[in-house]
There are 2 protein chains.
Amino acid sequence: MNAPTPPEAAFSIAAVERDTGLAKDTLRVWERRYGFPAPARDANGERLYPPEQVDKLRLIRRLLDHGRRPAGIVGASAEELAAMLDSCLCPQAAATAAGREDGLLQLVRLHRSVELNAALRQALMKQGLQRFVADTVAPLAAAVGEAWMRGEVEVPEEHLFTEQVQNVLRSAIGAHATPGGRPRVLLTTFPEEDHVLGLLMAEAMLVPEGAACLSLGTRTPLADIRSAAVGGGFDIVGLSFSIAYPARQAIDGLLELRALMPDEITIWAGGAAVRDKQKRLPGIEVVGGLDETLAALQAWRAVHPQSM
Amino acid sequence: MNAPTPPEAAFSIAAVERDTGLAKDTLRVWERRYGFPAPARDANGERLYPPEQVDKLRLIRRLLDHGRRPAGIVGASAEELAAMLDSCLCPQAAATAAGREDGLLQLVRLHRSVELNAALRQALMKQGLQRFVADTVAPLAAAVGEAWMRGEVEVPEEHLFTEQVQNVLRSAIGAHATPGGRPRVLLTTFPEEDHVLGLLMAEAMLVPEGAACLSLGTRTPLADIRSAAVGGGFDIVGLSFSIAYPARQAIDGLLELRALMPDEITIWAGGAAVRDKQKRLPGIEVVGGLDETLAALQAWRAVHPQSM
DNA sequence: GACACCGTTTGTCCTGGACAAACTAATCTT
DNA sequence: AAGATTAGTTTGTCCAGGACAAACGGTGTC
């Protein structure tokens, strides 16, 4: 009844949904419309996706997240996909370079985890928490994502990377913590978003400045964000959106939250999905990058001098 | 197109799937078979679930996880459900008592997070990492789950709790780490499992004993576990299964992994789903509780003396 | 540049049927 | 009494193919 495990070297539709993040309905309708994926069938008529197609679907998913539309890519051959990949990656070559520069990217390997951990801690000690996050972790995370698209890094290595960064950042944040500080910042994501690194990086930028941060983790419903913010006496609520988050949904959700929440609580929104959307987000402070977090904090303090 | 946000005070089927963990197909078939849930419909004929029904579905989901079957509970009234709840909770009253005893459970509130954090750190300092995990964190986690079922704690408070425990444990583990130690233990979960606390607790038990642990995080495919274990020179692979994990799937997956992996690598399996399943898991060491982790470690070291 | 329009693309939802895996319970074996 | 078989029931997942509203891309207008 629970049938997530693939029989041989083929994946059930449920397993593909889990591994690619593409809904079952989407997989079926793509097959109908574009002729891809084209899974085999088992004795019972159920779809069996070969691993190559699952890999291709994962890649398509990422290209979609980077703004492409299905029409051009779902029917495309592997070569065409590779070509698109280049055009998608080139503009971000800077991030890649930064990641490679200090050799950290080479340590994102399953068998080099000890070195990765040591190197991350060393970089943290050398740079301090804020520079570490803004100049090392963030570019490295982008570089890992790109390396994955090129096939240089595997999915579990990306998970390992996330895991190691969490270890380092959570330790460092715990060491810096200033529970009585101001402003009090509540950090979380909307219910469909479960990328945790954005939250941790924001927290790591704020805590050394003396802000009192609390992370609710990911996937908090709007109503709960409101009650947590009001009940906890928070000054600011910070929301993080990954590149995969639909921009429209982010905007609607933020405006809804703004309407729900008392005016004296500031809302910050950060991450790829909301960058450059300040115009459409009245009453909300869009934080375009990690360094802008500091500016936003200064601005808040300038307006709320008594709270220091 | 993306329609996860509920319009008014009602939830779309996608939102209910997200919030309850019950698949869309399951929600529809329950409606057909048991007459519950009974959502309203919007102008377009799409289901709109009122919040009370979503709450009830969440509760049903947990009762299911605790071994009940749908026939008896999906059609049941709120009162009947409450009665079942008691019979489900009573046997575990010990855990509840332990959680309440030191008052930590009262701190699992959105507005008391600072106190919770302080109390957790204090308990850690007083008890040491291993006793803290086995005697405080684990019972408290069980107590929080039960308190949620009673309606004494909300979902976001449970998330907050997980978040805070992660902060404390990851800091402590980082402080104890012995990268060159033996055995080398790889920790992760199967692809359908995403509870992270089990992994962290296991790591927290092992690291003070001088084992070198590496957590891949959750949701690692079998093949990747194999390649990570072999490529990383690990002695032991530890898998964690929450109570919600289907026992059959755990057993099948573990046996498959055993067949995939070289014999010299030991496999440990822990968590509610595999407890008492040792008979059906030849070649795998079932670790029945956190304290048994230490026994398992001693046993391994007795058999592999050269590796010390 | 911002905004409103319009045809096209696209993801999600629907119904109702089917079936194998998981469970329960009763029976048989050691 | 504990374990293995068997038979019957429950239950989650999958399928097909149709439908539709929201999102998008381009064009024209202020």
Side-chain angles (χ1 to χ4, degrees), chain A residues 1-7 11-18 20-34 36 39-49 60-61 64-65 67-75 192 244-252 273 276-280, chain B residues 1-7 10-18 20-34 36 39-49 60-61 64-65 67-75 192 244-252 273 279-280:
Chain A
M1 227 175 319
N2 290 299
T5 322
F11 296 79
S12 71
I13 195 168
V16 176
E17 178 180 49
R18 177 168 45 62
T20 64
L22 298 164
K24 294 182 184 88
D25 273 328
T26 306
L27 291 166
R28 292 194 197 101
V29 91
W30 280 5
E31 185 179 339
R32 206 195 307 167
R33 286 190 189 142
Y34 312 114
F36 183 88
R41 299 293 179 127
D42 71 3
N44 195 28
E46 303 191 350
R47 292 170 174 79
L48 289 178
Y49 296 83
I60 288 172
R61 168 72 149 105
L64 242 36
D65 288 345
R68 301 239 169 215
R69 310 213 46 201
I73 57 175
V74 177
E192 304 82 16
Y245 202 93
R248 175 56 177 273
Q249 219 173 303
I251 292 166
D252 289 351
D276 309 323
K277 299 288 189 300
Q278 179 69 75
K279 288 166 297 189
R280 294 163 69 182
Chain B
M1 226 174 325
N2 290 297
T5 319
F11 296 78
S12 71
I13 195 168
V16 176
E17 177 180 51
R18 174 167 48 62
T20 64
L22 297 164
K24 296 185 184 85
D25 274 326
T26 305
L27 291 166
R28 287 194 273 255
V29 89
W30 280 4
E31 184 179 339
R32 208 193 308 167
R33 285 189 190 142
Y34 311 112
F36 183 88
R41 300 291 180 127
D42 70 2
N44 194 28
E46 304 192 350
R47 291 170 174 80
L48 289 178
Y49 296 83
I60 289 172
R61 167 72 148 107
L64 243 37
D65 289 345
R68 283 232 145 61
R69 306 210 51 200
I73 56 174
V74 177
E192 303 81 18
Y245 202 93
R248 177 55 177 275
Q249 218 173 304
I251 292 167
D252 288 352
K279 288 168 297 192
R280 294 163 69 184

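In what follows, chains carry the letters A, B, and so on, assigned in the order in which the sequence lines appear, proteins first and then strands, with residues in each chain numbered from 1.
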Checklist entry - Run the side chain to side chain contact (heavy atoms under 4.5 Å, CB included) check on E192(B) and Y245(B) step by step: do they pass? => result CA-CA 8 Å; E192(B) 303 81 18; Y245(B) 202 93; 2.7 Å; yes
Checklist entry - So, is T26(A) close to the dT12(C) phosphate, meaning a side-chain N or O under 4.0 Å from OP1 or OP2? => result yes
Checklist entry - Can you tell me if the side-chain N/O atoms of R28(A) get under 4.0 Å from OP1 or OP2 in dA16(D)? => result no
Next on the checklist: Tell me if a side-chain donor or acceptor on R47(A) pairs with a main-chain N or O of I13(A) at a distance below 3.5 Å.
Outcome noted: no
Next on the checklist: In the structure I gave you, are the side-chain heavy atoms of V29(A) and Y34(A) within less than 4.5 Å of one another anywhere?
Outcome noted: no
Next on the checklist: Is the shortest side-chain heavy-atom distance between R248(B) and D252(B) below 4.5 Å?
Outcome noted: yes
[N] [atom2] sits how many Å from [X] [atom1], rounded?
X: I60(B); N: dT11(D); atom1: CD1; atom2: C1'; value: 15 Å
X: L48(B); N: dT12(C); atom1: CG; atom2: C1'; value: 14 Å
X: R68(B); N: dT24(C); atom1: CZ; atom2: P; value: 12 Å
X: E192(A); N: dG11(C); atom1: CD; atom2: C1'; value: 15 Å
X: R248(A); N: dA23(D); atom1: CZ; atom2: P; value: 5 Å
X: K24(B); N: dT13(D); atom1: NZ; atom2: P; value: 12 Å
X: R41(A); N: dC19(C); atom1: CZ; atom2: P; value: 15 Å
X: E17(A); N: dG11(C); atom1: CD; atom2: P; value: 14 Å

Checklist entry - Want to settle it: does N44(A) or W30(A) sit nearer the 5' end of DNA chain C, counting the closest nucleotide to each? => result W30(A)
Next on the checklist: Pick the closest DNA chain C nucleotide for R33(B) and for A23(A) by heavy atoms, then say which residue is nearer the 5' end.
Outcome noted: A23(A)
Checklist entry - Hey, are E46(B) and R41(B) close enough for a salt bridge, meaning a charged N less than 4.0 Å from a carboxylate O? => result no
Checklist outcome for this item: Between I251(A) and K277(A), the two heavy atoms sitting closest are CD1-CD, 3.9 Å
Item to check | Trace of the side chain to side chain contact (heavy atoms under 4.5 Å, CB included) decision for L22(A) with E17(A) | outcome: CA-CA 5 Å; L22(A) 298 164; E17(A) 178 180 49; over 6 Å; no
Item to check | Closest to side chain of R47(B), choosing from dC15(D), dT12(C), dC14(C) | outcome: dC14(C)
Next on the checklist: Can you identify which nucleotide, out of dC15(D), dC23(C), dG25(D), has its nearest atom closest to the R69(B) side chain?
Outcome noted: dC23(C)
Checklist entry - Where each residue is assigned the nucleotide of DNA chain D containing its nearest heavy atom, which of V29(A) and I13(A) is assigned the position nearer the 5′ end? => result I13(A)
Checklist entry - For DNA chain D, whose closest nucleotide is more 5', that of Y34(B) or that of K279(B)? => result K279(B)
Checklist entry - Does the pair L64(A) and I73(A) meet the rule for a side chain to side chain contact (heavy atoms under 4.5 Å, CB included), with working shown? => result CA-CA 9 Å; L64(A) 242 36; I73(A) 57 175; 3.4 Å; yes
Item to check | Steps toward side chain to side chain contact (heavy atoms under 4.5 Å, CB included) verdict (K24(A), V16(A)) | outcome: CA-CA 8 Å; K24(A) 294 182 184 88; V16(A) 176; over 6 Å; no
Checklist entry - Do the side chain of R32(B) and the base of dG17(C) come within less than 3.5 angstrom through a donor-acceptor pair of N or O atoms? => result yes
Checklist entry - Under 6.0 Å from the CZ atom of R280(A), do we count more than 12 heavy atoms belonging to anything else shown? => result no
Item to check | Angle of first-five versus last-five pair axes in the helix from dG1(C)-dC30(D) to dT30(C)-dA1(D), to 10 degrees | outcome: 50°
Checklist entry - How would you label the contact of D25(B) with the nucleic acid (heavy atoms, under 4.0 Å): base, sugar-phosphate, or nothing? => result base
Can you give me the N/O atom pairs linking the protein to nucleotides 3-6 of chain C at distances under 3.5 Å, or say none if there are none?
none

